[in-house]
Every structure is written in C-alpha cells, then in structure tokens.
Amino acid sequence: QVQLVESGGGLVQAGGSLRLSCATSGRTFSSYVMGWFRQAPGKEREFVACISWSGSSTYYTDSVKGRFTFSRDNAKNTVYLQMNSLKPEDTGVYYCAAAKSPIFTTDWGEYDYWGQGTQVTVSS
C-alpha cells in the first residue's frame with residue numbers, strides 16, 4: 001500500500017509563489033509516474049502536471065506552463081510542485097497521485113493512489 005501526504009498549501013496573493021510537497025511511503029515509489037491534480041469548488045478535478053519515474057520528463061497543462069515546475073527526489077520519496085506567478089484561477093484543492101503504470105497519463109482514472117489534498121487559495 002502506498003500512502004501520499006501533501007503539504008505546502010496556503011493563502012497567497014496573486015503573483016506569489018507556493019511550493020507543494022508530496023511525501024510517499026512504499027519501496028516502489030521510484031517506479032511510479034506521479035501527478036498533480038486540482039479541484040476548484042463546483043468544478044471537476046483537472047490535471048495539472050505529471051512526471052516520469054526518473055524525473056527526466058514532465059508534462060503540464062497549458063494554463064500552468066512556464067509558471068509551475070514539477071520535480072521529484074526519489075531518495076526522499078518526495079515530489080514537489082513549485083508554483084510561481086499564481087493566479088486566482090489556480091485556487092483549489094491540490095492532490096498528489098501515483099500511477100503504477102509507467103505510461104504518462106493526464107487521466108485521473110489511471111492513477112492508483114491519492115493523497116488527501118492541500119488547499120491553495122490565491123487572492124486577487
């Protein structure tokens with residue numbers, strides 16, 4: 001069983017930055033594709049970014065490209081989402097997810113494990 005615990009959310013003004021962390025348990029963490037998703041009130045969960053098992057490849061949804069950076073430290077079983085130039089539309093609960101499949105995917109249904117989420121609120 002894999003457990004994921006997010007941290008780093010909070011309230012920030014537009015233009016500010018936050019760094020989300022997701023600590024995981026499990027010896028096979030380094031083999032998982034990892035993803036970040038978010039859900040705003042009244043909206044469906046949406047894909048934000050994913051990263052390959054090695055960290056050498058990343059993919060972002062268009063709205064965060066150039067502002068967010070996804071990284072991982074397999075030695076620490078942790079992934080990070082650096083969020084810069086935050087906008088009010090970035091507000092939501094951010095979820096970390098792990099996929100046993102090595103295939104890059106933006107489909108939340110393909111992820112096997114989920115964290116409890118961390119709230120990010122960007123004020124205008």
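Note that the numbering runs from 1 along the sequence shown for the chain. What you see is a predicted model, and the numbers here were worked out from it, not measured in a lab.
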Practice problem: Give a yes or no on whether Gln3 atom CD has more than 12 heavy-atom contacts from other residues, nucleotides or ligands under 6.0 Å away. | Solution: no
Practice problem: Please collect all disulfide bond (SG atoms under 2.5 Å apart) contacts where either partner lies in residues 78-124, sequence neighbours excluded, each pair once. | Solution: Cys22-Cys96
Anything under 3.5 Å between a donor and an acceptor, one on a side chain of residues 7-20, the other on a protein residue two or more places apart or in another chain? List them.
unit_1 : atom_1 : unit_2 : atom_2 : d
Ser17  : OG     : Asn84  : OD1    : 2.9

Quiz prompt | Validation row: Phe29, Arg72 side chains within 4.5 angstrom (heavy atoms) | solution = yes
Self-check item: Minimal non-hydrogen separation, Ala23 against Thr78, with atom names
Solution: CA-OG1, 4.0 Å
Quiz item: So, do Leu81 and Phe68 sit near enough that their side-chain heavy atoms are less than 4.5 Å apart?
Solution: yes
Quiz item: Pairs in or reaching into residues 74-98: which pass salt bridge (charged side-chain N to carboxylate O under 4.0 Å, His left out), with residues at least two apart or in two chains?
Solution: Arg38-Asp90, Arg67-Asp90
Quiz prompt | Transitive ILVMFWY side-chain link Val64 to Val33, under 4.5 Å | solution = no
Quiz item: Of all residues at least two apart in sequence or in a different chain, which pass the side chain to side chain donor-acceptor pair (under 3.5 Å) check with Gln119?
Solution: Thr121
Self-check item: Closest non-hydrogen atom pair, Ser52 against Ser56
Solution: OG-N, 3.3 Å
Practice problem: Please report the shortest heavy-atom distance between Tyr60 and Thr69, naming the atom on each side. | Solution: OH-CA, 3.4 Å
Quiz item: Only one of Tyr95, Tyr94, Trp114 clears side chain to side chain contact (heavy atoms under 4.5 Å, CB included) with Glu6; which?
Solution: Tyr95
Self-check item: By side-chain contact (heavy atoms from CB on, under 4.5 Å) - contacts of Ser124 (at least two apart)
Solution: Pro88
Quiz item: Sequence neighbours excluded, which residues qualify as side-chain contact (heavy atoms from CB on, under 4.5 Å) partners of Ser71?
Solution: Tyr80
Quiz item: Is there a side-chain contact between Val79 and Trp36, using heavy atoms and a 4.5 Å cut-off?
Solution: yes
Exercise. Would you give the length of the straight line joining atom OG of Ser30 to atom CG of Asn77, rounded to the nearest 0.5 angstrom?
Key: 7.5 Å
Quiz item: With side chains defined as the heavy atoms from C-beta onward, is the minimum distance between Met34 and Phe70 less than 4.5 Å?
Solution: yes
Self-check item: Those residues that, when tested against Cys50, pass disulfide bond (SG atoms under 2.5 Å apart) (two or more places apart)
Solution: none
Quiz item: Which salt bridge (charged side-chain N to carboxylate O under 4.0 Å, His left out) pairs, counting each pair once, include a residue from residues 51-62, with sequence neighbours left out?
Solution: Asp62-Lys65
Exercise. Determine whether Phe47 and Tyr59 make a side-chain contact, defined as any pair of heavy atoms from C-beta on separated by less than 4.5 Å.
Key: yes
Quiz item: Which salt bridge (charged side-chain N to carboxylate O under 4.0 Å, His left out) pairs, counting each pair once, include a residue from residues 107-120, with sequence neighbours left out?
Solution: none
Exercise. For Tyr111, check ring-ring contact (aromatic ring centres under 6.0 Å, His included) against everything at least two apart and list the hits.
Key: Phe37
Practice problem: With sequence neighbours left out, write down each residue that passes side-chain contact (heavy atoms from CB on, under 4.5 Å) with Ser101, or none if nothing qualifies. | Solution: Ile103
Quiz item: With Val2, which residues qualify under side-chain contact (heavy atoms from CB on, under 4.5 Å), at least two apart?
Solution: Leu4, Tyr32, Tyr113
